[in-house]
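Remarks on the structure that follows.
This one's a predicted model, so the numbers in the text were calculated from it and none came from an experiment.
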Amino acid sequence: MSIDNLIQQAVARAVKELYNIDTAPDAIIPQTTKKEFEGNLTIVVFPWVKAARKSPEQVGTEIGNWLVDNEPAVDRFNVIKGFLNIVIEPTFWNTVLKHIQDTPSYGISTPTEDSPLVMVEYSSPNTNKPLHLGHVRNNLLGYSLACILKACGNRVVKTNIVNDRGIHICKSMLAWKKWGEGATPESTGKKGDHLIGDFYVLFDKHFKEEVKSIMATENMTEDEAKAASPLMQEAREMLVKWEQRDPEIRQMWQMMNEWVYAGFDQTYKRMGVSFDKIYYESDTYLEGKEKVLEGLEKGIMYRKEDGSVWADLTDDGLDHKLLLRSDGTSVYMTQDIGTAKLRYADYPIDKMIYVVGNEQNYHFQVLSLLLDKLGFKWGKDLVHFSYGMVELPEGKMKSREGTVVDADDLMDEMVTTAREVSSELGKLDGLTADDAEAIAETVGLGALKYFLLKVDPRKNMTFNPKETIDFNGNTGPFIQYTYARIRSVLRRAGDEGIQTVDYLGVQPNEKEIALIQAIADFPSTVAEAGRSYSPALIANYVYDLVKQYNQFYHDYSILKEEDAAVRSLRLALCDTTARVIKTGMGLLGINVPERM
RNA sequence: GGUCCGGUAGCUCAGCUGGAUAGAGCAUCUGCCUUCUAAGCAGACGGUCAUGGGUUCGAAUCCCGUCCGGAUCACCA
């Protein structure tokens, strides 16, 4: 039982006995006492003041006295206004620390066969261009979220739905066929996704030129010219052929997609994210159609005279939503329904989480309603994990204007910067080239990941590529650095053959208690992060812990401490702090180096 | 216009299931490398928590109005 629970229960009993008021222990939230006051935990007594018909001070004092008399863990207390500050019996903290030390999987729950099955969809790229900064935020959030949910005891399936079909793919294919046939990743030395992306850009360039010349010669408006464009027409024809399974087109499509996947895999791997199951829209887009027709039969949807199929969502405060075009083809929504169908056939999903940008809030509101109407039991409370966009100082990223920050370039840049900063600070002296490079990689990526994960996912954020990312202050490298330093202390202790002894009888001082308290909060932070789907919560917790440790670190010379028991206590604190940092960072998908 | 989300220090952000004097980092300034790693620590400066009302012992936090910013409301994905 945690110290919080202990106090909750004790206070609830006290209130019952003193005033005959029934209070749910969970409703009592002990908070960490502010530094200005003496105490470890604080209870706000205002809620009982009225019923007890006494002043806040009286109530606080009475509860405090009751606790001292009846709860051995409570040493003493003080009351200021309506705040009851409780001092815990100091050596009790040692028991807490010991418990943490003896719990290998501290803060993490292991899922069992009966645990809820949660599917997390994230990344979901198009196959016509490489991943960019927006995907990076998506990938990191999705992966971290999956780790957190798993640590909260859920069975988690990470999934990716690849948008591998549609007009955009045909554009790349057409450009490749027209102006680059024969070009392969091998022949050009480019990563597959970049190669295809380049052809997509090439198509757009030629298309624009064509439209311009049509507007000039045929005296048309821009829209008319776009509609009349032979290039676009060719792309459309290609799409039709693709849908008709034209062997030549399909073969080319398959080959080019393979290149892209090889490129994506490389990027994912470096980023440290992975998937348990990948779905492709080329497999799912027809499935949704069936499901919609099924819904039509059941009267959930209706058909207009032109043959198109719609859902009426006005009862739910939304509009009418198109699900099948008059020519019978699928729209985006239909595909998502199809994907849901396949997924449900593959897994007994209890909860579905979609990590998708906030520009699709409406889409998921609709999807949730539709899936529910169609009988998916997790449809109604599916979670759209909606995150804000990453903007550049100049504004939004525009692929047409070439202001997109490429994921691969970005990672390269971060690692390069980390390498430069490290060597400037002399951190890499005496290390092998391999070790130095591994550290640069860990630190560079750590900086990037932490930067993107520490902010509230809902908020739009600005990313300035020119200034890259800071390595000081509330950053990944700062946390990694603290971890590396702790590991260094522990290594030294091992080298010097320091024996650990029993520290249970030692009275920890204020700073030590504060640190133990902070570590003891970790499991509830993980649970809370899982409940509110917030990697940022973990990030901020770890940062606070690190700040706390740093204060401790500068006050004590741990290895030279003469009292063996005190030294053991401090080493135990170092050890548990390091473990929590490592676990916490792991939940964010960030590695920590043993030295840096 | 409807719906949803955001607005906290000069900048980037915590805090939001109501609690004590609203916290970090960056930037600016001041100290600290002869104790396990100074990517650090200690301190100074910096706030009408967009705004007006309401709820109450108490509001950055909850409710309503207003202003500002963003997203969305396609036979696009």
Side-chain angles (χ1 to χ4, degrees), chain A residues 27 29 31 33-34 36-37 42-47 49-50 55-56 80-83 85 124 126 163 165-168 281 304 306-310 317-319 321-333 335-336 357-363 365-366 386 388-389 391 396 418 421-422 424-427 443 447 451 454-456 458-464 467 470-482 484-493 495-496 528 531-532 536-537 539-541 543-544 546-547 550-551 553-560 571 574 595-596:
Chain A
I29 303 170
Q31 17 195 337
T33 306
K34 299 226 168 204
E36 305 87 82
F37 307 103
T42 297
I43 302 289
V44 181
V45 303
F46 284 110
V49 167
K50 219 174 226 172
S55 73
I80 293 159
K81 292 196 282 182
F83 299 92
N85 299 321
S124 308
N126 289 348
N163 183 7
R165 61 168 283 279
I167 190 75
H168 49 286
E281 271 191 11
K304 281 192 181 175
D306 63 2
S308 55
V309 177
W310 297 71
L318 302 174
D319 291 327
K321 180 73 194 175
L322 175 84
L323 292 169
L324 288 177
R325 298 191 185 96
S326 46
D327 62 4
T329 55
S330 303
V331 294
Y332 181 40
M333 187 63 72
Q335 293 173 28
D336 262 352
N358 63 10
E359 71 271 15
Q360 295 194 27
N361 285 353
Y362 183 74
H363 173 83
Q365 226 178 315
V366 173
S386 161
M389 333 190 151
E391 285 163 5
K396 287 175 74 168
V421 173
S422 297
E424 258 170 50
L425 292 168
K427 299 283 181 188
V443 172
F451 181 84
K454 75 173 175 189
V455 308
D456 184 336
R458 283 173 303 180
K459 289 188 174 173
N460 289 355
M461 61 190 304
T462 307
F463 180 86
N464 191 337
E467 291 172 10
D470 223 324
F471 286 49
N472 300 310
N474 186 2
T475 65
F478 169 51
I479 294 166
Q480 291 171 320
Y481 175 62
T482 303
R485 239 173 21 195
I486 297 176
R487 296 299 304 164
S488 169
V489 172
L490 296 172
R491 266 198 304 276
R492 279 285 283 272
D495 291 348
E496 294 181 13
E528 176 62 28
R531 230 174 297 133
S532 56
L537 210 60
N540 286 299
Y541 167 83
Y543 175 64
D544 285 344
V546 161
K547 288 228 56 151
N550 272 329
Q551 291 167 18
Y553 167 84
H554 281 272
D555 278 1
Y556 306 118
S557 181
I558 295 157
L559 298 175
K560 290 190 180 158
L571 282 171
C574 285
R595 59 188 83 212
M596 68 182 272

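- Shown here are the side chain to side chain donor-acceptor pair (under 3.5 Å) partners of Asn85(A), two or more places apart in sequence or in another chain: Thr42(A), Asn78(A).
- Taking the six-membered ring for Trp and thresholds of 30 and 60 degrees, Phe83(A) and Phe46(A) have ring planes more than 60 degrees apart, a perpendicular arrangement.
- Within the 4.0 Å cut-off from OP1 or OP2 of A39(B), at least one side-chain nitrogen or oxygen of Lys427(A) is found.
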Exercise. What is the per-nucleotide protein-contact pattern of nucleotides 5-21 of chain B, from the 5' end, where B denotes a base atom under 4.0 Å from a protein heavy atom, S denotes such proximity for sugar-phosphate atoms only, and - denotes neither?
Worked result: -SS-----SS----BB-

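- Between Lys547(A) and the phosphate of G25(B), there is a side-chain N or O to OP1/OP2 separation shorter than 4.0 Å.
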Problem set entry | 5'-to-3' dot-bracket of RNA chain B (Watson-Crick, G-U; under 3.5 angstrom; crossing pairs as [ ]; | other strand) | ((((((((.[[[[.)...(...]]]].(((((.......))))).....[[[[[..)....]]]]])))))))....

Between protein and nucleotides 27-36 of chain B, what N or O pairs are separated by less than 3.5 Å?
residue : atom : partner   : partner atom : Å
U35(B)  : O2'  : Lys560(A) : NZ           : 3.4
C36(B)  : N4   : Tyr553(A) : O            : 2.9
C36(B)  : N4   : Tyr556(A) : O            : 3.0

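- For A42(B), the OP1/OP2 oxygens have a side-chain nitrogen or oxygen of Gln551(A) closer than 4.0 Å.
- In this structure, Lys304(A) forms a cation-pi arrangement with Trp310(A), its terminal cationic atom sitting closer than 6.0 Å to the ring centre and no more than 45° off the ring axis.
- For C26(B), the OP1/OP2 oxygens have no side-chain nitrogen or oxygen of Asn472(A) closer than 4.0 Å.
- Nearest to the side chain of Asn550(A), among G25(B), A77(B), G40(B), sits G40(B).
- Two rings, from Phe471(A) and Tyr481(A), have their centers 6.0 Å or more apart.
- With hydrogens and angles ignored, a donor-acceptor pair under 3.5 angstrom links the side chain of Ser422(A) to the base of A39(B).
- Contact between the side-chain N/O atoms of Tyr481(A) and the OP1/OP2 oxygens of A39(B) is found at a separation under 4.0 Å.
- Taking Asp544(A) as the reference, nothing meets the salt bridge (charged side-chain N to carboxylate O under 4.0 Å, His left out) condition, with sequence neighbours excluded.
- Residues passing the side chain to side chain donor-acceptor pair (under 3.5 Å) test with Thr329(A), sequence neighbours excluded: Arg325(A), Asp327(A).
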